[in-house]
Amino acid sequence: MDLDKSYFEAMEAKIPKGKVRTRFAPSPTGYMHVGNLRTALYTWLIARHAGGTFILRIEDTDQSRQVEGATEVIYRTLAECRLDHDEGPDLGGPVAPYIQSQRRDTYGKYAHLLVEKGHAYYCFCEKTESEEDSGQFGRADDPCRDLDPAAARARVEAGEPYVVRQRIPKEGTTTFHDAIFGDITVENSTLDDQVLLKRDGLPTYNFANVIDDHLMGITHVVRGSEYLSSAPKYDLLYQAFGWEVPTYVHCSPVMRDAQNKMSKRHGDPSYEDLRDQGYLTEAILNYVALLGWSPRGELAEREVFSLEDLAQAFDLGGMSKSPAIFDIDKLTHFNALYLRAMSPEDFARAAEPYIRQAVKNPAIDAAQVTALLQARCEKLTEIPEKVDFFEALPDYGVELFTNKKSKTDPEVSKAMLQAAIPMLESLGEWSQDSIHDGLVALAESLGVKNATLMWPVRIAAAGKAVTPGGAVEICRILGREETLRRIRLGLDKLA
RNA sequence: GGCCCGGUGGUCAAGCGGCUAAGACACCGCCCUUUCACGGCGGUAACACGGGUUCGAUUCCCGUCCGGGUCACCA
């Protein structure tokens, strides 16, 4: 083993100091689920709130689980969500490389260093079945633990396969601190001599994490609470190296229901799935931020936060210890809020493609349609089905002409439509106001309520019971000719 | 099963020894109205249970129950 002191000194020298540094460290699975996104968001928020540095690190130490195009999904998602990183595989940085598979030598060196220090040992056992039959204790009494160091080193140098295991004290307790869970103390006897360096020379997740977080100068380690129980072993590792322990921030999981986490396996949506379902990135981030974190003090009642607002308001004290169930209805509500908050121009730009998906006829003015839609849709993807009647009159039944509230039935409707035709034909200009005034005046002269006339006109014009906009808007958009054609068609049905 | 963590309405949650226990989503009414929405107003609905500590517990402690996590040469 060459334990070149200067190597470690050089590594230490590169570590940036004095600023908050956080890292999002996904393993490339090709799927960015909501829990992942939330972890990335919180990690980013901690950095930005403090004016610190946000780092992207790819954890690909599992040779058997590589997924094609997986890192692209990560880059894409972070970029779309505007969770920009300052250092990473693509950008480089002072502590490059940022891909674990490219840091292999480093882990090996530190593993051997730890053996040298006596806090780890070489293990030549085939597999770890001994844990099974060691009774009460989850930990094996690994025979290699007490091998003579010199003898063990000789076997390693002779090329015998080995793993490096952490030497956990048999006695005593270890207490570690988490920013949201507080102090947690465990008996060392419940901790096992975990593998640090695998037989293939690559580090385990736990080891690589500690090494990288230290060497990259990470000050806040944000991760899922499933790592809570391995955290004491991390502290022991930091102690063994004589390193400063970073602040741990363990996040409770995002659940699909009371007992299951969100997962790809269950078909739960990833960020990109949600986006494809018509959810706005800002709405997703806003909602996800509030799943497990809530503002406190005077902000306690506020729910709408832009990314910038979040960066300013975010604090670890507002984080929840218990799991949160993902509620698509509430996300939908946020989406509707964001849709309505858009300027009419922005909304029109976003909505037009969806309108054109259903309405090809260039005579239909998409801009006029979007104006009707803004207060009426929760997701952009529901637009096509709402506006398809502009393209083609649906085949509808006469029962639609019956509405008890506006006192209309087929008989009344027939009279209304018959009266409407000459009026609409003689209208000077075809505008919102002229149609509206004409119809209202007609209702008055006929001695009926506006609704009694409007209902059949709208039904005849649209061919469906529920429409965005009323009779006037629909007629205006359809144009005089098409409106009259549809009303005559309605009359045919009523004949 | 051992160890660790958690437990306020269906959901997200505020609360951090004294409150008629916020707010939001969903749901249900009413108003507005040219259908549906939007908007406005109102309503149903919660401190898991049992012991302590205390003048006083949702809040602090213990136990029970329930839920989650973890016990890999996966992350």
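Lettering follows sequence order; numbering is per chain, from 1. Values reported hereafter were calculated over all heavy atoms of this structure, with side chains retained and with hydrogens, waters and symmetry mates removed.
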Q: Select base, sugar-phosphate, or nothing to describe what A:Gly224 touches, counting heavy atoms under 4.0 Å on all strands.
A: nothing

Q: Starting at atom CZ of A:Arg296, determine the distance to atom P of B:C16, rounded to an integer number of angstrom.
A: 10 Å

Side-chain donor-acceptor pairs under 3.5 Å in residues 462-476 of chain A, sequence neighbours left out?
| unit_1 | atom_1 | unit_2 | atom_2 | d |
| --- | --- | --- | --- | --- |
| A:Lys464 | NZ | A:Glu385 | O | 2.9 |
| A:Lys464 | NZ | A:Asp388 | OD1 | 3.2 |
| A:Thr467 | OG1 | A:Arg458 | NH1 | 2.9 |
| A:Thr467 | OG1 | A:Gly469 | O | 3.0 |
| A:Glu473 | OE1 | A:Gly470 | N | 2.9 |
| A:Glu473 | OE2 | A:Gln432 | NE2 | 3.3 |
| A:Arg476 | NE | A:Gln368 | OE1 | 3.2 |
| A:Arg476 | NH1 | A:Gln432 | OE1 | 2.1 |

Tabulated below should be each protein N or O lying under 3.5 Å from an N or O of nucleotides 44-49 of chain B; please produce it.
none

Q: Taking only the side-chain nitrogens and oxygens of A:Ser320, find out if one of them lies under 4.0 Å from OP1 or OP2 of B:C12.
A: no

Q | Residue A:Val466, side-chain heavy atoms: nucleotide from B:C5, B:U34, B:C36 that is nearest | A | B:C36

Q.
When you measure from the side-chain N and O atoms of A:Lys321 to the phosphate of B:U8, is any distance below 4.0 Å, counting only OP1 and OP2?
A. no

Q. Taking NZ, NE, NH1 and NH2 as the nitrogens, is one of them in A:Arg57 or A:Asp213 under 4.0 Å from a carboxylate oxygen of the other?
A. yes

Q.
Between A:Asn260 and A:Phe326, which residue's closest nucleotide on RNA chain B lies nearer the 5′ terminus?
A. A:Phe326

Q. Counting only side-chain N and O atoms of A:Thr467, is one of them less than 4.0 Å from OP1 or OP2 of B:U35?
A. no

(Q) Applying a 4.0 Å non-hydrogen cut-off, can you work out what A:Val457 is touching in the nucleic acid: base, sugar-phosphate, or nothing? (A) nothing

Q. At under 4.0 Å between heavy atoms, what does A:Val163 touch on the DNA or RNA strands: base, sugar-phosphate, or nothing?
A. base

Q) Between A:Trp293 and A:Ser230, which is nearer to the 5' end of RNA chain B once each is assigned its nearest nucleotide? A) A:Trp293

Q: Would you mind telling me which of B:G68, B:C16, B:U34 lies closest to the side-chain atoms of A:Gln259?
A: B:G68

Q) What does A:Ala451 touch in the nucleic acid at a heavy-atom separation under 4.0 angstrom: a base, only the sugar-phosphate, or nothing? A) sugar-phosphate

Q: Take A:Glu303 and A:Lys330 through the salt bridge (charged side-chain N to carboxylate O under 4.0 Å, His left out) test and state the conclusion after the steps.
A: CA-CA 11 Å; A:Glu303 280 206 315; A:Lys330 183 117 188 196; 3.0 Å; yes

(Q) Any donor-acceptor pair, under 3.5 Å, between the side chain of A:Arg458 and the base of B:U35, if you only look at N and O atoms? (A) yes

Q) Nearest of B:C5, B:U34, B:A75 to any side-chain atom of A:Phe181? A) B:C5

Q. Does atom CD of A:Glu382 have more than 12 heavy-atom neighbours from other groups under 6.0 Å away?
A. yes

Q: Measure distances between side-chain N and O atoms of A:Arg376 and base N and O atoms of B:C36, and say whether any donor-acceptor pair falls under 3.5 Å.
A: yes

Q. Taking the side chain of A:Glu59 as its heavy atoms from C-beta onward, which of B:A75, B:A13, B:C4 lies nearest to it?
A. B:A75

Q | Among B:C73, B:A72, B:G23, the one nearest A:Glu301 by side-chain distance | A | B:G23

Q. Out of B:G6, B:A75, B:G69, which nucleotide sits closest to the side chain of A:Lys261?
A. B:G69

Q) Can a donor-acceptor pair be found between the side chains of A:Tyr234 and A:Asn209 at a distance below 3.5 Å? A) no

Q) A:His250 near the nucleic acid: base, sugar-phosphate alone, or nothing, with a heavy-atom cut-off under 4.0 Å? A) nothing

**Q.** Nucleotide nearest A:Ala300 (side chain, heavy atoms from C-beta), chosen from B:U35, B:A14, B:C4
**A.** B:A14

Q. When you check the gap from the basic side-chain N to the acidic O, do A:Asp192 and A:Arg165 get nearer than 4.0 Å?
A. no

(Q) Nearest to the A:Ala324 side chain among B:A75, B:C12, B:U35, which nucleotide is it? (A) B:C12

Q: Give one of base, sugar-phosphate or nothing for A:Lys405, where a contact means two heavy atoms less than 4.0 Å apart.
A: base

Q: For RNA chain B, determine which residues of residues 327-341 of chain A have any heavy atom closer than 4.0 angstrom to one of its atoms, and list them numerically.
A: A:Asp327, A:Asp329, A:Lys330, A:His333, A:Arg340

(Q) Heavy atoms only, 4.0 Å cut-off, all strands: where does A:Tyr287 land among base, sugar-phosphate and nothing? (A) nothing

(Q) B:C74, OP1 or OP2 - any side-chain N/O from A:Lys198 closer than 4.0 Å? (A) yes

